[in-house]
Amino acid sequence: VDSAERAKEKEASAAYKAEAAVREALVGNLAVARAEARAALALSDSKDASAISAIALGLAGEVTEAKRISDDLNKRFPENTVVQSNYLPTIRAAIAVRSGGPQKALEALAPAAAYELGSIQGSANFMLYPVYMRAEAYLASHQGVASAAEFRKILNHPGIVLNEPIGALAHLGLARAYALSGDRAKAEAAYQDFLTLWQDADPDIPIYKQAKAEYAKLR
């Protein structure tokens with residue numbers, strides 16, 4: 001972010017802040033996520049910065065703000081494939097899942113299905129976010145088998161995920177999906193995969209603490 005700002009690349013700086021906000025939201029640091037997203041939006045209202053910030057805000061439970069941004073993106077980019085088939089479905093799904101509407105999230109993600117395993121130069125690592133949100137929506141609607149299938153889709157495509165946190169969090173999601181389905185052995189194995197992967201993680205990360213508690217309870 002600092003390097004981009006020194007080079008007067010405000011859009012790049014905003015995008016980096018927005019991506020940081022998504023990471024924080026995914027692991028449960030919601031206050032930090034909100035602050036990073038709003039800082040990104042203060043720097044730029046570019047397509048990527050706006051959309052990624054809205055994803056973070058949706059995940060952080062800021063439904064009204066995320067919806068306002070998604071409506072604006074829809075008006076500004078009505079024919080942009082990435083916006084209409086990736087960003088907007090992801091934002092709308094994040095809003096729906098966090099506000100208790102998993103079925104609405106699944107419906108919102110329908111336009112992403114034809115594109116979500118593809119890649120676009122510069123945006124490749126965000127292409128699987130609709131898959132992650134669909135997995136979360138199935139989990140929230142107590143459909144363990146369907147949720148597990150989506151989380152496995154992420155784990156089976158590391159070349160698209162790259163270094164996005166959903167690559168690690170898919171192990172945890174898979175564990176939760178197996179537990180929901182009553183497959184204790186597979187759930188334990190998936191929890192172990194996640195906890196081994198994050199064995200050196202900061203101990204106060206909310207989702208890490210949740211995972212350890214869930215695993216202890218399962219055993």
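All values reported here derive from a predicted model rather than from experimental measurement.
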Working for side chain to side chain contact (heavy atoms under 4.5 Å, CB included), residues F194 and Y208: CA-CA 9 Å; F194 175 73; Y208 184 46; 4.3 Å; yes
For the residue pair [X] and [Y], establish whether any side-chain heavy-atom pair is separated by less than 4.5 Å.
{"X": "L109", "Y": "V131", "result": "no"}
{"X": "L128", "Y": "H157", "result": "yes"}
{"X": "P206", "Y": "N29", "result": "yes"}
{"X": "Q84", "Y": "N74", "result": "yes"}
{"X": "Y16", "Y": "I52", "result": "no"}
{"X": "Y138", "Y": "L180", "result": "no"}
{"X": "L88", "Y": "R92", "result": "yes"}
{"X": "I207", "Y": "L26", "result": "no"}

Approximate separation, where rounding is to 0.5 Å, of [X] [atom1] and [Y] [atom2]:
{"X": "Y129", "Y": "N86", "atom1": "OH", "atom2": "CG", "result": "10.5 Å"}
{"X": "D193", "Y": "W198", "atom1": "CG", "atom2": "CH2", "result": "14.0 Å"}
{"X": "M133", "Y": "L59", "atom1": "CE", "atom2": "CG", "result": "5.5 Å"}
{"X": "L73", "Y": "I91", "atom1": "CG", "atom2": "CD1", "result": "5.5 Å"}
{"X": "E9", "Y": "L43", "atom1": "CD", "atom2": "CG", "result": "12.5 Å"}
{"X": "D45", "Y": "E11", "atom1": "CG", "atom2": "CD", "result": "8.0 Å"}

Any residue meeting salt bridge (Lys or Arg N to Asp or Glu O under 4.0 Å) with R76, in chain and number order, not counting sequence neighbours: D72
Shortest non-hydrogen separation from [X] to [Y] and the atoms involved:
{"X": "I154", "Y": "G167", "result": "CG2-CA, 4.3 Å"}
{"X": "A177", "Y": "S147", "result": "CB-OG, 3.8 Å"}
{"X": "A148", "Y": "Y178", "result": "CB-CE2, 4.2 Å"}
{"X": "A66", "Y": "A54", "result": "CB-O, 3.6 Å"}
{"X": "A96", "Y": "A105", "result": "CB-N, 3.5 Å"}
{"X": "A56", "Y": "A25", "result": "O-CB, 3.8 Å"}

Intermediate values then yes/no, side chain to side chain donor-acceptor pair (under 3.5 Å), Y132 and E164: CA-CA 11 Å; Y132 185 81; E164 284 295 321; over 6 Å; no
Residue pairs involving residues 133-142 (criterion salt bridge (charged side-chain N to carboxylate O under 4.0 Å, His left out); sequence neighbours excluded): E116-R134, R134-E150
Of all pairs that satisfy salt bridge (charged side-chain N to carboxylate O under 4.0 Å, His left out), the ones with a partner from residues 177-191, not counting sequence neighbours: R184-E188
Salt bridge (Lys or Arg N to Asp or Glu O under 4.0 Å) evaluation trace for D2 with R6: CA-CA 6 Å; D2 290 343; R6 285 196 299 272; 5.1 Å; no
Between Y87 and N80: side-chain donor-acceptor atoms closer than 3.5 Å: no
Between S13 and E5, a side-chain donor and acceptor under 3.5 Å: yes
Residues E62, R68: salt bridge by 4.0 Å N-O rule: no
Carboxylate-amine/guanidinium contact K67 D71, below 4.0 Å: yes
Under 3.5 Å donor-acceptor, R34 side chain and A60 backbone: yes
Do [X] and [Y] share a hydrophobic cluster (ILVMFWY, side-chain heavy atoms under 4.5 Å, transitive)?
{"X": "V22", "Y": "V1", "result": "no"}
{"X": "L197", "Y": "Y191", "result": "yes"}
{"X": "V32", "Y": "L169", "result": "no"}
{"X": "L106", "Y": "Y115", "result": "no"}
{"X": "L57", "Y": "L30", "result": "no"}

Salt bridge (Lys or Arg N to Asp or Glu O under 4.0 Å) between E65 and R38, intermediate numbers included: CA-CA 10 Å; E65 198 170 355; R38 288 165 183 155; 2.8 Å; yes
Residue pair L117, M127: steps toward the side chain to side chain contact (heavy atoms under 4.5 Å, CB included) verdict: CA-CA 7 Å; L117 295 182; M127 295 307 290; over 6 Å; no
Over 12 non-hydrogen atoms of neighbours within 6.0 angstrom of NZ in K104: no
